[in-house]
*Asks:* 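The following block contains the structure, expressed as structure tokens.
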Amino acid sequence: MNTQEEKQYTLDKRYIRMASIWAENSYCTRRQVGALIVKDKMIISDGYNGTPSGFENICEDENGVTKPYVLHAEANAITKIARSSNSSNGATMYVTASPCIECAKLIIQAGIKRVVYSEKYRLEDGLELLKRANIEVIYLNPNE
């Protein structure tokens, strides 16, 4: 690993740890997921999984099933960009769980060029779609 790669790896580890701390904001009990969008070494957006603004902060129904209108962390971070003057074009997304196929589509459309994740989701179709779109996908265990 050259010096530039080492610096990037150090930053990636730091941002993925920050995303996992951000996940603690989620009210979801089944799984808490956090996401950060970073561009030019600046965090330009953040998100965690949860209900839309103005809804009660309860993600699961009485049977423990996630409500259909719960937003994923990636979707929250990307839609927050849409409400700001920032652009995610060329940015990196750090997310604690690998993106599902729906979030992968949003990531592609948002112009994000790198995705760093720290936990594998049971389905890999989102990762496969990102790779098809020539987005750099990196699995990083923050505890290593």
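All figures in this text were calculated on a predicted structure; none of them were measured in a lab. Count residues from 1 along the sequence. Quick note: numbers below take in every heavy atom, side chains included, and nothing from hydrogens, waters or symmetry partners.
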*Asks:* Can you find a heavy atom in the side chain of H72 that is under 4.5 Å from one in the side chain of C100?
*Replies:*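 Side-chain contact under 4.5 Å: yes.
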
*Asks:* So, N63 side chain and V65 main chain: donor-acceptor pair closer than 3.5 Å or not?
*Replies:*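 No, the answer is negative, given that no donor and acceptor are paired below the 3.5 Å cut-off.
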
*Asks:* Closest approach of S45 and A77, non-hydrogen atoms and distance?
*Replies:*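 Heavy atoms of S45 and A77 come nearest at OG-O, 2.7 Å.
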
*Asks:* Looking at V95 and A35, what are the two nearest heavy atoms and their distance?
*Replies:*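 In terms of heavy atoms, the two residues are closest at CG2-CB, 4.1 Å.
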
*Asks:* Any chain of hydrophobic side-chain contacts (each under 4.5 Å) joining I138 to Y9?
*Replies:*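 Looking at the clustering, Y9 is in the same group as I138.
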
*Asks:* Under a single-linkage definition using a 4.5 Å side-chain heavy-atom cutoff for Ile, Leu, Val, Met, Phe, Trp and Tyr, are I16 and V137 assigned to the same hydrophobic cluster?
*Replies:*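 Result: no, two separate clusters.
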
*Asks:* Could you tell me which non-hydrogen atom of A23 sits nearest to which non-hydrogen atom of G34, and how far apart they are?
*Replies:*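 Looking at all heavy atoms of both residues, the shortest contact is CB-N, 3.3 Å.
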
*Asks:* Any side-chain heavy atom of I81 sitting closer than 4.5 Å to one from I37?
*Replies:*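 In short, these two side chains touch, coming nearer than 4.5 Å.
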
*Asks:* Residues in side chain to side chain donor-acceptor pair (under 3.5 Å) with D12, at least two apart?
*Replies:*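 Only Q8, Y94, R114 meet the side chain to side chain donor-acceptor pair (under 3.5 Å) criterion with D12.
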
*Asks:* Answer yes or no: is there a side-chain heavy-atom contact under 4.5 Å between V116 and E136?
*Replies:*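 Sidechains of E136 and V116: no contact.
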
*Asks:* Mind listing the closest non-hydrogen atom pair of G47 and N76 along with its distance?
*Replies:*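 Of all heavy-atom pairs spanning G47 and N76, the closest is CA-CB, 4.1 Å.
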
*Asks:* Would you please name every residue forming a side chain to side chain donor-acceptor pair (under 3.5 Å) with T66, sequence neighbours left out?
*Replies:*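 Listed in chain order: R30.
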
*Asks:* Output yes when a side-chain donor or acceptor of T96 lies under 3.5 Å from a complementary backbone atom of S20, and no otherwise.
*Replies:*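 Between the backbone of S20 and the side chain of T96 there is no qualifying donor-acceptor contact (under 3.5 Å).
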
*Asks:* Taking only residues at least two apart or on different chains, which pairs with a member in residues 57-85 satisfy salt bridge (Lys or Arg N to Asp or Glu O under 4.0 Å)?
*Replies:*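 Checked against salt bridge (Lys or Arg N to Asp or Glu O under 4.0 Å) - neighbours excluded - the pairs reaching residues 57-85 are D46-K80, E56-K67.
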
*Asks:* What pairs with R31 under side chain to side chain contact (heavy atoms under 4.5 Å, CB included), at least two apart in sequence or on another chain?
*Replies:*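 Per chain and number, R31 pairs via side chain to side chain contact (heavy atoms under 4.5 Å, CB included) with V33, A97, E119, Y121.
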
*Asks:* Please evaluate residues Y117 and L127 with respect to the criterion side-chain contact (heavy atoms from CB on, under 4.5 Å), reporting the C-alpha separation (whole Å), side-chain torsions for both, the decisive distance (0.1 Å), and the verdict.
*Replies:* CA-CA 10 Å; Y117 68 98; L127 294 175; 3.4 Å; yes

*Asks:* Just how far is it from atom OG of S26 to atom CG of L71, taken to the nearest 0.5 Å?
*Replies:*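 Answer rounded to 0.5 Å: 11.0 Å.
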
*Asks:* Only counting residues at least two apart or in another chain, list the ones meeting side chain to side chain donor-acceptor pair (under 3.5 Å) with E102.
*Replies:*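 Partners of E102 by the side chain to side chain donor-acceptor pair (under 3.5 Å) criterion, ordered by chain and then number, come out as K105.
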
*Asks:* Would you indicate whether the side-chain heavy atoms of R132 and E128 approach each other to under 4.5 Å?
*Replies:*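 Heavy-atom side-chain distance check fails, nothing below 4.5 Å.
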
*Asks:* Please give me the minimum heavy-atom distance between G126 and A104, naming the atom from each residue.
*Replies:*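 Heavy atoms of G126 and A104 come nearest at O-CB, 3.4 Å.
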
*Asks:* Report the C-alpha separation of S118 and L140 in whole Å, then their side-chain angles, then the decisive distance to 0.1 Å, and conclude whether the side-chain contact (heavy atoms from CB on, under 4.5 Å) test is met.
*Replies:* CA-CA 5 Å; S118 58; L140 187 65; 5.6 Å; no

*Asks:* Would you say the side chain of T51 lies within less than 4.5 Å of the side chain of Y69, judging by non-hydrogen atoms?
*Replies:*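 Yes, close enough: below the 4.5 Å cut-off.
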
*Asks:* Which residue in the set L106, V38, I78, L36 passes side-chain contact (heavy atoms from CB on, under 4.5 Å) when paired with M93?
*Replies:*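 Exactly one candidate clears the test, I78.
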
*Asks:* Can you name the side chain to side chain contact (heavy atoms under 4.5 Å, CB included) partners of I135, sequence neighbours left out?
*Replies:*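 Once residues adjacent in sequence are excluded, the partners of I135 under the side chain to side chain contact (heavy atoms under 4.5 Å, CB included) criterion are I107, I108, V115, L130, A133.
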
*Asks:* Within the structure provided, determine whether L123 and I101 are in side-chain contact (heavy-atom separation under 4.5 Å).
*Replies:*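 No. Closest side-chain heavy atoms not under 4.5 Å.
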
*Asks:* For residues Y139 and K120, determine if any side-chain heavy atom of one lies less than 4.5 Å from a side-chain heavy atom of the other.
*Replies:*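 In short, these two side chains touch, coming nearer than 4.5 Å.
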
*Asks:* Nearest 0.5 Å please: distance from the CG atom of L11 over to the CE atom of M18.
*Replies:*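 Answer rounded to 0.5 Å: 10.5 Å.
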
*Asks:* Does K39 form a side-chain contact (heavy atoms from CB on, under 4.5 Å) with S87? I'd like the steps, not just the answer.
*Replies:* CA-CA 9 Å; K39 188 173 179 179; S87 166; 3.9 Å; yes

*Asks:* Measure the shortest side-chain to side-chain distance between I112 and S88 over non-hydrogen atoms and say whether it is less than 4.5 angstrom.
*Replies:*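 Answer yes - side chains close enough.
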
*Asks:* With distance as the sole test, does N57 use its side chain to make a donor-acceptor pair with the main-chain N or O of Y27 at under 3.5 Å?
*Replies:*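 Not at all, since once roles are kept as given, no pair shorter than 3.5 Å links the two residues.
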
